[in-house]
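Report on the structure given below.
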Amino acid sequence: MEHKSHSLGIELGSTRIKAVAIGEDFSPVAAGEHTWASRYENGIWTYPLGEVWTGLRAALAPLASLEIASLGISGMMHGYLAFDKDWNLLTPFRTWQNTTTARAAGELTAFLGFNIPQRWSIAHLYQAVLNKEEHVPNIAHITTLAGYVHYRLTGVNAVGIGEASGMFPIDSESGTYRAEMLEKLEALLAPRGYPWKLRELLPQVLRAGTPAGTLTEAGSALLGGALSSGIPLCPPEGDAGTGMVATNAVAPRTGNVSAGTSIFSMVVLEKPLKHIHEEIDLVTTPTGQPVAMVHCNNCTNDTNAWAGVLGETARLFGASPDTGELFTRLYEKSLEGDPDCGGVLVYNNLSGEGVTHLDEGRPLVLRGVDCRFTLANFFRAQLYSTMATLKIGMDILKSEQVAIDSLTGHGGLFKTPVVGQRYLAAACNAPVTCMETAGEGGPYGMALLARYLLHKSKPLERFLAEEVFQEAKKSTIPPVEEDVAGFRAYIKRYQAGLAVERSAIRHI
């Protein structure tokens, strides 16, 4: 069956709400976006939900002339959106950036015998319970950002299985939440006398390719009429799942790294890990395959800030570099730096970081008196810092003897050819592949999942390998021995210097 019209993927990311439409050949044909930013209010990282709708209308405006045959919603994973029975928001959206749930995450991990990271929805809910927050008795629904938008557009309260796996542990066989853990946690909560059971609060779980409702007239109105009612939607997915799809990394022994505001790797497992690791999340692909995830809150924000300062410096001398050219020149200049950054250390922690056990962040540049402090070394250290915590987590996976046949990079860090790819290969000591669509990232992956809803004649793994990516243009960079040794030396100093970062958090 041929489909003459387009499939649309929308992703509500950390810095952009982006829409990407693809055609029959699965190539992007049009895109639109809206820039937004999280706010730190009353000790919580949040976004106002009203901006979701103004942002979506702005992102969809350039695509208004396209005929859309299927649609999918994605968003930044995890976090906490709690609603009453009438879907009124009970407390401001708590995003994945928050590191305020350490007690809940620790207690749940010990109680369930399963790693529950701080940013997971269940950790946020349980922390609210421990805090005895006023809104807790009134909760009727908890969901994610993608789940909320999907519900408002379709009236269907469901999420994709990959997205659900960032809310509560998933049973890959049954395709839903782990029943024995639900029962155990419900028994723990029962004496508190809440008028709800945990399973009643969570959205329905759907695998990729399952119909998940259609755009209603009310949903179309929320989008300002940019899309007509009646368009079928696939299950909403998190940015981790869309990244796996966008890089053809949904089969066992494949992996991908998504690098933008945050950075995370997803490695599809052949067998379970032997041990529980606080630094490793166990989630799933959009079809429910088990995945080891290393998630790091901080990636390019600090680098972007420094690029802005360097661009401002250039303007003092009458130069007006284009933003894209500025980043390209700085990235390429970093290649002239020493493999170990000449002794320069950068900590890019704007927020807390689970992998390095930091509840807050303080961006720092550290150097010894004998360091080689050049622009090339400084910016190379900036780029190393974007993937330093990722390396710490990936080294744990190596200790578990997790096999990776291919590692694919996507997201803004890889827009400049070669540079980010080469440094990631050094950090992971593995070949790194980028495709032409690397800069499109998650919205493109979401568009492919929307297309799969129309094409579901074979498993997702085969659909991607045989139909979407068979002719894809890609480049692979193997690790350079000098870079691997240099990154290893950098990370050794980085881990030693974490004591300085912790002191800065206490005193500044």
Inset, instruction - Determine, for Arg103 against Glu107, whether the closest basic-nitrogen to carboxylate-oxygen distance falls under 4.0 angstrom. - result: yes
Legend entry - Lys456: partners by side chain to side chain contact (heavy atoms under 4.5 Å, CB included), with sequence neighbours left out: Tyr452
Inset, instruction - For residues Val159 and Thr143, determine if any side-chain heavy atom of one lies less than 4.5 Å from a side-chain heavy atom of the other. - result: yes
Inset, instruction - Kindly indicate whether the side chain of Pro117, heavy atoms from C-beta on, has any atom under 4.5 Å from the side chain of Met293. - result: no
Legend entry - Non-neighbouring partners of Glu325 that pass side chain to side chain contact (heavy atoms under 4.5 Å, CB included), sequence neighbours left out: Asp322, Arg329
Inset, instruction - With sequence neighbours left out, write down each residue that passes side-chain hydrogen bond (donor to acceptor under 3.5 Å, both in side chains) with Thr254, or none if nothing qualifies. - result: none
Legend entry - For Arg39, all residues meeting side-chain hydrogen bond (donor to acceptor under 3.5 Å, both in side chains), sequence neighbours excluded: none
Inset, instruction - Please collect all salt bridge (Lys or Arg N to Asp or Glu O under 4.0 Å) contacts where either partner lies in residues 44-55, sequence neighbours excluded, each pair once. - result: none
Legend entry - Residue pairs involving residues 245-273 (criterion salt bridge (Lys or Arg N to Asp or Glu O under 4.0 Å); sequence neighbours excluded): Arg253-Glu270, Arg253-Asp405
Inset, instruction - Would you please name every residue forming a ring pair (Phe, Tyr, Trp, His ring centres under 6.0 Å) with Trp196, sequence neighbours left out? - result: Tyr194
Inset, instruction - Under the ring pair (Phe, Tyr, Trp, His ring centres under 6.0 Å) rule, collect the residues that match up with Tyr40, sequence neighbours excluded. - result: Trp45
Legend entry - Whether His455 and Phe463 hold their rings parallel, tilted or perpendicular, with breakpoints at 30° and 60°: tilted
Legend entry - Neighbour count >12 (heavy atoms, 6.0 Å) for atom CD, Glu278: no
Inset, instruction - Establish, yes or no, whether a centroid distance under 6.0 Å links the rings of Tyr148 and Phe83. - result: yes
Legend entry - Cationic N near anionic O, under 4.0 Å, Lys18 to Glu11: no
Legend entry - Any side-chain donor near an acceptor of the partner, Thr386 and Thr300, under 3.5 Å: no
Inset, instruction - Validate the cation-pi geometry between Lys184 and Phe111: distance from NZ or CZ to the six-membered ring centre under 6.0 Å, angle to the ring axis within 45°. - result: yes
Inset, instruction - Answer yes if the ring centres of His295 and Phe264 are under 6.0 angstrom apart, and no otherwise. - result: yes
Legend entry - Check: Ser38/Gln97 side-chain N/O donor and acceptor closer than 3.5 Å: yes
Inset, instruction - Could you tell me whether the side chain of Pro92 reaches within less than 4.5 Å of the side chain of Glu41, counting heavy atoms only? - result: no
Inset, instruction - Please say whether more than 12 non-hydrogen atoms of neighbouring residues, nucleotides or ligands are located less than 6.0 Å from CD in Glu466. - result: yes
Legend entry - Where Ile22 and Arg451 come nearest, the two heavy atoms and their spacing: CD1-CB, 4.1 Å
Legend entry - Pairing residues for Ser14 by the side chain to side chain contact (heavy atoms under 4.5 Å, CB included) criterion, not counting sequence neighbours: Tyr47, Met76, Trp96, Thr261
Legend entry - Thr99 versus Gln118, closest heavy-atom pair with distance: C-OE1, 3.1 Å
Inset, instruction - Quick one: list whatever passes side-chain hydrogen bond (donor to acceptor under 3.5 Å, both in side chains) with Asn98, sequence neighbours left out. - result: none
Inset, instruction - Looking only at non-hydrogen atoms, find the nearest pair between Thr284 and Ser165 and report the distance. - result: N-OG, 3.2 Å
Legend entry - Proximity of Trp87 and Tyr151 rings by center, below 6.0 Å: yes
Inset, instruction - With the side chain counted from C-beta on, respond yes when Leu215 and Leu233 share a heavy-atom pair under 4.5 Å apart, and no when they do not. - result: yes
Inset, instruction - Applying side-chain hydrogen bond (donor to acceptor under 3.5 Å, both in side chains), name anything that partners Glu186, two or more places apart in sequence or on another chain. - result: Arg199
Inset, instruction - Before accepting this row, confirm whether a basic side-chain N of the pair Glu467/Lys458 lies closer than 4.0 Å to the acidic partner's carboxylate O. - result: yes
Legend entry - Sub-4.5 Å side-chain heavy-atom contact between Leu145 and Phe93: yes
Inset, instruction - Locate the shortest heavy-atom distance separating Leu108 from Ile116; write the atom from each residue and the value. - result: CB-CG1, 3.9 Å
Inset, instruction - For Ala19 and Ala59, work out which heavy atoms get closest and say how close. - result: CB-O, 4.0 Å
Legend entry - side chain to side chain contact (heavy atoms under 4.5 Å, CB included) partners for Ser27, two or more places apart: Asp25
